[in-house]
Amino acid sequence: MFEEVYGIASRVPPGHVVTYGQIAAFLGHPRAARTVGWALHSTPAALELPWHRVINSQGRISGPSAGRRAQEQRALLEDEGIAFDDSGRIDLEQYSWEIIP
DNA sequence: ACGGTGACGAGAT
DNA sequence: TATCTCGCCACCG
């Protein structure tokens, strides 16, 4: 399943995002969102995936918000033109990408 | 085989 | 809205 997660993540176009739940559901495991998150957490750096384009269903960056990873993720997304509101949320209606087979 | 471990999610307060 | 709680499940010792 990890492989499949990486496969999908690598296809998310710049300027767009998908949620952990979306990926899980697409793979036929609607309740394995956590596993998707774990998969990305342990992504081999060599893969160079656009992991930053994967966020949670609330349109927010998961994990320790003060951590360096969260900071980097937000920076990368902003560079792609994605806007964050005052409470650090992304507008999914505007930026979410519908996974295409 | 078995249980701890999360970058989750939906529902309740 | 912001929090809290509880259910979930593929991995890896």
Side-chain angles (χ1 to χ4, degrees):
Chain A
M1 175 177 182
F2 277 31
E3 283 293 325
E4 304 175 285
V5 171
Y6 300 147
I8 291 178
S10 68
R11 297 174 14 226
V12 182
H16 291 77
V17 297
V18 292
T19 69
Y20 300 98
Q22 272 178 22
I23 294 179
F26 181 80
L27 294 179
H29 300 262
R31 260 133 293 146
R34 293 187 78 150
T35 303
V36 173
W38 192 29
L40 293 174
H41 173 64
S42 50
T43 302
L47 261 55
E48 294 185 35
L49 294 178
W51 54 271
H52 58 281
R53 301 187 188 134
V54 185
I55 61 182
N56 64 30
S57 68
Q58 308 310 304
R60 319 192 61 180
I61 292 175
S62 294
S65 53
R68 62 178 205 304
R69 191 199 99 262
Q71 304 267 312
E72 182 187 355
Q73 182 164 9
R74 174 167 179 154
L76 288 170
L77 290 172
E78 292 183 316
D79 283 341
E80 298 183 352
I82 293 177
F84 286 74
D85 64 19
D86 300 296
S87 36
R89 281 196 301 274
I90 289 175
D91 179 8
L92 290 176
E93 290 289 330
Q94 183 178 357
Y95 302 108
S96 73
W97 176 64
E98 185 180 349
I99 301 176
I100 300 170

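Bear in mind that the values here come from a model prediction, so they are computed numbers and not experimental data. Numbers restart at 1 for each chain; the letters A, B, ... are given by sequence-line order, proteins then strands. Worth knowing before you read on, the calculation uses all heavy atoms, side chains too, and leaves out hydrogens, waters and symmetry mates.
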Locate the shortest heavy-atom distance separating A:Ala9 from A:Leu49; write the atom from each residue and the value.
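Closest approach of A:Ala9 to A:Leu49: CB-CD1, 4.4 Å.
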
Once you round it to whole Å, what is the distance between [atom2] of [N] and [atom1] of [X]?
X       : N      : atom1 : atom2 : answer
A:Phe2  : C:dC9  : CZ    : P     : 15 Å
A:Glu4  : C:dC11 : CD    : C1'   : 14 Å
A:Ile61 : B:dC8  : CD1   : P     : 12 Å
A:Gln73 : B:dA7  : CD    : C1'   : 8 Å
A:Tyr6  : C:dA10 : OH    : P     : 15 Å
A:Leu27 : B:dC8  : CG    : C1'   : 15 Å
A:Leu92 : B:dC8  : CG    : P     : 15 Å
A:Tyr20 : B:dT5  : OH    : P     : 20 Å

Does [X] have a side-chain nitrogen or oxygen under 4.0 Å from the phosphate oxygens OP1 or OP2 of [N]?
X       : N     : value
A:His29 : C:dC9 : no
A:Ser57 : B:dC8 : no
A:Arg89 : C:dA2 : yes

Closest to the [X] side chain: [options]?
X       : options              : value
A:Arg34 : B:dG6, C:dA10, B:dA7 : B:dG6
A:Arg31 : C:dC9, C:dA10, B:dA7 : C:dC9
A:Ala32 : B:dG6, B:dA7, C:dC9  : C:dC9
A:Asn56 : C:dA10, B:dA7, B:dC8 : B:dC8
A:Arg69 : C:dG7, B:dA7, B:dG9  : B:dA7

Please check: side-chain N/O of A:His41 versus main-chain N/O of A:Ala39, any donor-acceptor pairing under 3.5 Å?
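Pair absent, no side-chain N/O of A:His41 close to backbone of A:Ala39.
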
Check for a donor-acceptor pair, side chain of A:Gln22 on one end and backbone N or O of A:Val54 on the other, with a separation under 3.5 Å.
no

Nearest-0.5 Å distance that lies between atom CG in A:Leu27 and atom OG1 in A:Thr35:
10.5 Å

Look at A:Glu72 together with A:Arg68 and state whether they make a salt bridge at an N to O cut-off of under 4.0 Å.
no

Across the strands shown, which category fits A:Thr35 at heavy-atom distances under 4.0 angstrom: base, sugar-phosphate, nothing?
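Base: the residue A:Thr35, judged by heavy atoms under 4.0 Å, touches a nucleobase.
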
Quick check: on DNA chain B, is the nucleotide nearest A:Trp38 upstream (toward 5') of the one nearest A:Gln58, or the reverse? Name the residue that is more 5'.
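Per heavy-atom nearest nucleotide, the more 5' residue is A:Trp38.
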
